[in-house]
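What follows is a single structure, written as structure tokens, with notes after it.
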Amino acid sequence: MAASLHTAPAAPSGQTSPAAVSADGGCLSLDARLAAAEAAMTVRLEEAAVAHEVRTAHIDTTPVDLGDVVTVPLTPAPQAPPQAYTSPVAALLERARHRMETRGWCAGAAVDEDGAVCMIGAIRAEAGGNRGLEADAASVVLDAIRRRFGDHIDSVPAFNDAHGTGRIPLRMLDQAASLADARGL
């Protein structure tokens with residue numbers, strides 16, 4: 001008869017597994033067996049922690065001061081606006097989106113007291129006084145908004161002010177930049 005290649009592991013000496021039979025001879029419930037297994041594992045983990053401390057007690061270590069290791073600037077450097085588009089209107093809308101994202105979004109004013117901007121405020125600030133470029137950008141934004149939300153939208157400021165957060169206005173500036181780029185504007 002051939003010997004089996006798979007042998008059952010021997011139980012470690014001095015350690016007992018949780019009993020599957022209660023003291024009165026009946027079977028333990030699942031909760032009782034889980035509690036016994038948890039108690040046995042806790043004892044084993046505590047013994048392992050003590051053994052680790054004993055084995056590593058002779059190692060001389062000096063604490064590392066993370067201030068000496070990790071160095072970062074106290075104030076983050078301002079991020080340059082992305083430049084994915086080369087056409088003037090698309091690039092303007094991309095910069096306007098970046099301005100709104102970094103400065104914050106507001107409703108009811110082009111620029112609020114904290115420097116946050118609405119959609120038109122961001123476009124106006126990035127246009128740098130070029131009213132023709134500003135008008136072209138606002139026209140593309142309104143077209144993108146109407147494509148997405150319908151022809152009942154009267155103006156870009158009305159659309160901006162109808163939202164409680166800047167999430168949708170930011171997305172519409174991004175879509176308008178893509179639309180302007182596709183049109184070559």
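Counting begins at 1 with the first residue of the sequence.
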Non-hydrogen atoms of [X] and [Y] that approach each other most closely:
X	Y	result
Trp105	Asn160	NE1-OD1, 2.7 Å
Ala127	Leu92	N-CD1, 3.4 Å
Ser87	Ala90	OG-CB, 3.1 Å
Val156	Ala138	CG2-O, 3.7 Å
Ala137	Leu93	CB-CD2, 3.8 Å

[X] side, atom [atom1]; [Y] side, atom [atom2] - distance, nearest 0.5 Å:
X	Y	atom1	atom2	answer
Asp174	Glu94	CG	CD	8.0 Å
Leu133	Glu126	CG	CD	10.5 Å
Gln175	Ile168	CD	CD1	9.0 Å

Please table the atom pairs, donor to acceptor, closer than 3.5 Å between any side-chain atom in residues 106-125 and protein atoms at least two apart or in another chain.
from   : atom 1 : to     : atom 2 : distance (Å)
Asp112 : OD1    : Asp114 : N      : 3.1
Asp112 : OD1    : Gly115 : N      : 3.0
Asp112 : OD1    : Ala116 : N      : 2.8
Arg124 : NE     : Glu134 : OE2    : 3.0
Arg124 : NH2    : Glu134 : OE2    : 3.4

Backbone N/O of Ala135 and side chain of Ser139: donor-acceptor pair under 3.5 Å = no

Hey, is the main chain of Phe159 close enough, under 3.5 Å, to the side chain of His163 for a donor-acceptor pair?
-> yes

Donor-acceptor pairs under 3.5 angstrom involving side-chain atoms of residues 142-149: please list them, not counting sequence neighbours.
from   : atom 1 : to     : atom 2 : distance (Å)
Asp143 : OD2    : Arg183 : NH1    : 3.2
Asp143 : OD2    : Arg183 : NH2    : 2.1
Arg146 : NE     : Ile153 : O      : 3.0
Arg146 : NH2    : Ile153 : O      : 3.0

How far apart are the C-alpha atoms of Glu46 and Val50, what are their side-chain angles, what is the distance that settles it, and do they pass the side chain to side chain contact (heavy atoms under 4.5 Å, CB included) test?
-> CA-CA 6 Å; Glu46 288 173 353; Val50 170; 5.8 Å; no

